Every structure is written in structure tokens, then in C-alpha cells.
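The structure appears below as C-alpha cells.
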Amino acid sequence: MRIATWNINSITARLPRLLGWLESSGTDALCVQETKCTDEQFPYDELRELGYEAAVNADGRWNGVALISRVGLADVVKGLPGGPDYDGVQEPRAVSATCGPVRLWSVYVPNGREVGHAHYAYKLQWFGALRAAVAADAAGDLPFAVLGDYNVAPTDQDVWDLTVFEGQTHVTAPEREALAALRGTGLTDVVPRPLKYDHPFTYWDYRQLGFPKNRGMRIDLVYGNAPFAKAVSDSYVDREERKGKGASDHAPVVVDLDL
DNA sequence: ATGCCGAATCCGATTCGA
């Protein structure tokens with residue numbers, strides 16, 4: 001089966017591309033982030049016409065995640081159990097479900113904004129809650145993976161120029177330690193192959209020719225447990241989807257599984 | 001050609017993103 005994760009930066013603005021990409025890629029289950037819509041605005045009907053059902057956790061103009069599947073959606077959980085509030089609100093940043101033989105999470109980790117900002121503390125708290133919530137499944141015998149926009153570059157090689165990010169979020173030690181702690185539950189970073197250049201960036205800023213100059217970051221990650229990682233036959237970043245007018249600033253990360 | 005930021009919202013300046 002083929003699964004993927006994609007920060008689509010508004011499912012409304014991206015709907016033609018989303019529908020076209022689902023068909024052309026033959027993806028069975030897709031994790032999406034930044035739907036930027038309410039549940040009422042979510043394009044359930046258009047997806048159903050292509051044979052997909054969706055589990056959605058979205059409440060308006062910011063954030064929002066979904067699982068889109070044509071191989072089943074069972075035991076849906078909306079939200080991050082035990083997750084922290086921000087400004088007194090539980091933001092829609094997680095949804096999980098069992099899609100055929102594999103249990104998947106779609107996550108949109110808080111950005112953090114600036115080191116020392118309340119949003120940065122919230123980001124680290126959110127990682128702690130995620131670790132606790134997935135620990136049992138990560139150590140389990142069934143294929144399991146947490147996919148999404150982690151808003152952290154795991155290594156120095158995962159940003160196009162480290163000097164640009166000095167003192168910024170996404171590369172700090174506490175954020176990387178939070179990722180390492182998450183892996184410590186039994187998850188492996190399934191690193192995709194790039195379709196061009198030497199590093200599998202997944203995000204390129206819209207501004208200043210970020211994509212043509214390959215000024216990217218690898219922040220969209222697939223963290224799978226041992227049964228999941230063992231089943232991976234291929235993985236790549238579909239940078240073709242980042243091209244042209246009407247692209248998201250993130251490209252889909254595709255994973256093929258012998259399941 | 002991969003091309004100089006884009007999306008949602010109290011309709012247009014503001015907020016957010018990484």
C-alpha cells in the first residue's frame with residue numbers, strides 16, 4: 001500500500017491539486033496538515049467521489065488535520081489526549097485512525113514562533129504529550145506511524161543553510177531532544193529519498209525563490225515503529241508537486257509499504 | 001523552465017507561517 005503526508009496549506013485553496021495528486025499518485029491513505037477550514041468546509045463529497053473517506057479535526061482558519069483513506073478508517077481519535085492548551089484552547093493538531101493494516105497519526109506540531117515565546121514552551125509540552133500518547137502503540141507489534149509536519153529539522157543537514165537558522169526555532173537542542181525522546185518510544189525516522197539534489201527537503205519558503213534555489217528544510221517526517229519500518233519498500237519526496245502556480249509550500253512525502 | 005509569498009478574514013490590513 002502507499003501512504004503519504006502533506007502539509008497542504010489550506011485544503012480549500014489546494015483542492016484541485018489534492019484531488020489530482022491522489023489520483024495520479026495512487027495514494028491509499030494520506031495524512032494532511034493545515035487544512036485551514038471548519039468541519040463544514042471540509043470537501044468530504046469531492047473526496048468521496050474518488051473513493052476516499054476522511055477523519056477530520058479542524059475548527060477554522062488556522063491549523064487543522066485530517067486522515068484521508070480509501071482502505072478504511074477505524075477507531076478514529078480526534079485530538080491529542082493529554083495535550084496542552086494554548087490561550088485556553090485545544091488546537092486541532094492531531095487525528096489518528098486505523099487504515100487497513102496500519103494505524104496512522106496525522107500531526108501538525110506547533111511552530112514555536114520564537115525561542116522563549118509562550119508558543120515555544122507550548123511546542124515542547126505538545127511533544128511531551130505526543131510521546132506519552134503514542135508510547136504503547138510505538139512499542140507494539142502492529143504497524144504504526146506518526147506522520148506530519150513536525151516543525152523541527154532533525155539534523156543540521158536538514159536545513160539549506162544552518163547559519164540562517166542560528167538562534168531560531170526548528171533547530172534548537174530542546175526541540176531535537178524532544179524528537180529524540182519520541183524516537184525513544186520505539187520509532188524510526190523513515191528518511192525519504194530526494195527526486196533531485198542530494199537532500200530530501202520537504203519545505204521551501206514561498207519567498208525569494210526558495211524552491212528554485214533549493215533553499216529547503218526537512219521538517220515533514222514519518223516516524224514508524226519496527227513492524228512499520230520493516231515493511232517500507234520505498235520512500236521519496238514528491239517535489240514535482242511543489243512546482244508551479246497554486247502549490248503548497250510543502251511537498252508530499254510518500255511511503256510504500258509491503259502490507 | 002522550479003521564478004522573486006500565500007491564505008483566511010469583519011474586504012483589506014492583519015495574522016500566521018518556518
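Remember, predicted model here, so these are calculated numbers, not experimental data. Note on naming: letters A, B, ... go to the chains in the order of the sequence lines (proteins, then strands), and numbering restarts at 1 for each one.
Contact between the side-chain N/O atoms of A:Arg242 and the OP1/OP2 oxygens of B:dT2 is not found at any separation under 4.0 Å. Dashed line: the shortest gap from a side-chain N or O of A:His119 to OP1 or OP2 of B:dC16 is not under 4.0 Å.
Judged by distance alone, the side chains of A:Trp204 and A:Asp249 never bring a donor and an acceptor atom under 3.5 Å apart.
With C1' as the reference atom, B:dC11 and B:dT15 are 15 Å apart, rounded to whole Å. B:dA7 sits 14 Å from B:dG12 when the C1' atoms are compared, rounded to a whole Å. Atom C1' of B:dA18 sits at a distance of 13 Å from the matching atom of B:dC5, rounded to the whole Å. Atom P of B:dC10 sits at a distance of 15 Å from the matching atom of B:dC16, rounded to the whole Å.
Closest to the side chain of A:Arg207, out of B:dA8, B:dG3, B:dC5, is B:dC5. Listed nucleotides B:dG17, B:dA8, B:dT2 differ in distance to A:Thr12; the shortest reach to its side chain belongs to B:dA8. The nucleotide whose nearest atom lies closest to any side-chain atom of A:Asp149 is, among B:dA18, B:dT2, B:dA7, B:dA18. Comparing atom distances between the A:Lys36 side chain and each of B:dA18, B:dG6, B:dT14 picks out B:dG6 as nearest. Closest contact between the side chain of A:Leu209 and the listed nucleotides B:dG3, B:dT9, B:dA18 involves B:dG3.
Within the nucleic acid shown, A:Gly244 comes within 4.0 Å of sugar-phosphate atoms alone, with no base atom in reach, counting heavy atoms only. At a threshold of 4.0 angstrom between heavy atoms, the contacts of A:Thr169 with the nucleic acid are absent. Among the atoms of the strands shown, only primed sugar atoms or phosphate atoms (P, OP1, OP2) are found under 4.0 Å from some heavy atom of A:Arg14. Within the nucleic acid shown, A:Glu34 comes within 4.0 Å of sugar-phosphate atoms alone, with no base atom in reach, counting heavy atoms only. Across all strands, A:Ser248 comes closer than 4.0 Å to no nucleic acid atom at all (heavy-atom distances). Among the heavy atoms of the strands lying under 4.0 Å from A:Tyr203 are primed sugar atoms or P, OP1, OP2 only; no base atom is included. Contacts of A:Asn151 with the nucleic acid, taken as non-hydrogen atoms under 4.0 Å apart, involve only primed sugar atoms and P, OP1 or OP2. Here A:Tyr197 lies in heavy-atom contact (under 4.0 Å) with a base.
Counting distance only, with no hydrogens placed and no angle test, the side-chain atoms of A:Asn9 and the base atoms of B:dA7 include no donor-acceptor pair under 3.5 Å. Judged by distance alone, with hydrogens and angles left aside, A:Lys213 brings no side-chain donor or acceptor close enough to the base of B:dT2 to form a pair under 3.5 Å.
Ion pairing between a basic and an acidic side chain is recognised when a charged N comes within 4.0 Å of a carboxylate O; A:Arg2 and A:Asp256 show such pairing.
With A:Leu221 as the fixed residue, the side chain to side chain contact (heavy atoms under 4.5 Å, CB included) test singles out one of A:Leu182, A:Leu179, A:Val190, A:Asp158: A:Leu179.
Residue-to-nucleotide proximity on DNA chain B shows that, of A:Asp249 and A:Lys196, the 5′-proximal contact is made by A:Lys196. Residue whose closest nucleotide on DNA chain B sits further toward the 5' end, between A:His250 and A:Ile11: A:Ile11.
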Worked verdict on A:Asn225 versus A:Val134 for side chain to side chain contact (heavy atoms under 4.5 Å, CB included)
CA-CA 10 Å; A:Asn225 72 355; A:Val134 305; over 6 Å; no

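Regarding A:Met217, its CE atom lies at a distance of 11 Å from the C1' atom of B:dG17, rounded to whole Å. Distance A:Tyr206 OH to B:dA8 C1': 13 Å, rounded to the nearest Å. With rounding to whole Å, A:Phe201 atom CZ is found 13 Å from B:dA18 atom C1'. At whole-Å resolution of the value, CG in A:Asn63 and C1' in B:dT15 are 12 Å apart. Nucleotide B:dT2 holds its P atom 11 Å from the CZ atom of A:Arg17, rounded to whole Å. Here the C1' atom of nucleotide B:dG3 and the CG atom of A:Asn214 are 14 Å apart, to the nearest Å. Straight-line distance from the CZ atom of A:Arg239 to the C1' atom of B:dA1: 12 Å, rounded to whole Å. The interatomic distance linking A:Lys245 (NZ) with B:dT2 (C1') rounds to 15 Å, in whole Å.
A donor-acceptor pair under 3.5 Å is formed between the side chain of A:Lys123 and the backbone N or O of A:Asn111.
Ring geometry for A:Tyr86 versus A:His119: interplanar angle over 60°, hence perpendicular rather than tilted (30 to 60°).
The side-chain hydrogen bond (donor to acceptor under 3.5 Å, both in side chains) pairs that include a residue from residues 127-147 of chain A number zero, where partners must be two or more places apart or lie in different chains.
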